[in-house]
Q: 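Mind having a look at this structure? Questions to follow.
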Amino acid sequence: MSRIAKLQEFLVSDPNDSFTHYALGLEYAKEQNFPEAIRTLEALRARDPNYIPTYYMLAGYYKDTGKHETSAAIYSEGIIKARAANDLHAMSELQTALDELEDDL
């Protein structure tokens, strides 16, 4: 059974588990299926906007697919969410990624 199939099976038994949705998005990206990775993480962001790791990976996938403005907006949103959660480490990582994106443009 593939990792994607296992994660989908986990979601059948616990459809509200944010980590499993997140892991599923990462698995799609590992297979270079960025449209499905983005769709999965966008759905997670809509359902659980306070799941901070989503922002870093989702913005990165948008960047990898050439959607730099969307990427910057998601990094910025993640910075706001991380600050509100007092997650200074995530906030710093998101800010660094945003700065690097802006430097590349």
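In this chain, numbering begins with 1 at the start of the sequence shown.
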Q: Are more than 12 heavy atoms from other residues, nucleotides or ligands located less than 6.0 Å from atom CZ of Phe34?
A: yes

Q: Between Thr65 (side chain) and Tyr61 (backbone), is there a donor-acceptor pair under 3.5 Å?
A: yes

Q: Taking all atoms of both residues into account, what is the closest heavy-atom pair of Lys63 and Ser71, and its distance?
A: CB-OG, 3.6 Å

Q: Using every non-hydrogen atom in the two residues, find where Pro49 and Tyr55 come nearest and quote the distance to one decimal.
A: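 Taking Pro49 first and Tyr55 second, the nearest heavy atoms are O-OH, 2.6 Å.
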
Q: I'd like to know if Arg39 pairs up with Glu36 as an ion pair, taking the criterion as any Lys NZ or Arg NE/NH1/NH2 lying under 4.0 Å from an Asp or Glu carboxylate oxygen.
A: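 A salt bridge links Arg39 with Glu36.
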
Q: Enter the distance from Gln8:CD to Met1:CE here, rounded to the nearest 0.5 Å.
A: 9.5 Å

Q: Quick check: are there more than 12 heavy atoms from other residues, nucleotides or ligands sitting under 6.0 Å from CZ of Arg3?
A: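 12 or below, so no.
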
Q: Mind listing the closest non-hydrogen atom pair of Thr40 and Gly25 along with its distance?
A: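 In terms of heavy atoms, the two residues are closest at CG2-N, 3.7 Å.
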
Q: Take Tyr75 and Glu77 through the test side-chain contact (heavy atoms from CB on, under 4.5 Å) and record every step on the way to the result.
A: CA-CA 6 Å; Tyr75 281 135; Glu77 184 181 341; over 6 Å; no

Q: Any salt bridge between Lys6 and Glu9, counting N to O under 4.0 Å?
A: no

Q: Can you list the steps and then say if Glu42 with Tyr62 is a side-chain contact (heavy atoms from CB on, under 4.5 Å)?
A: CA-CA 11 Å; Glu42 282 287 13; Tyr62 275 117; 2.7 Å; yes

Q: What is the distance from atom CG of Asn50 to atom CZ of Arg45, rounded to the nearest 0.5 Å?
A: 12.5 Å

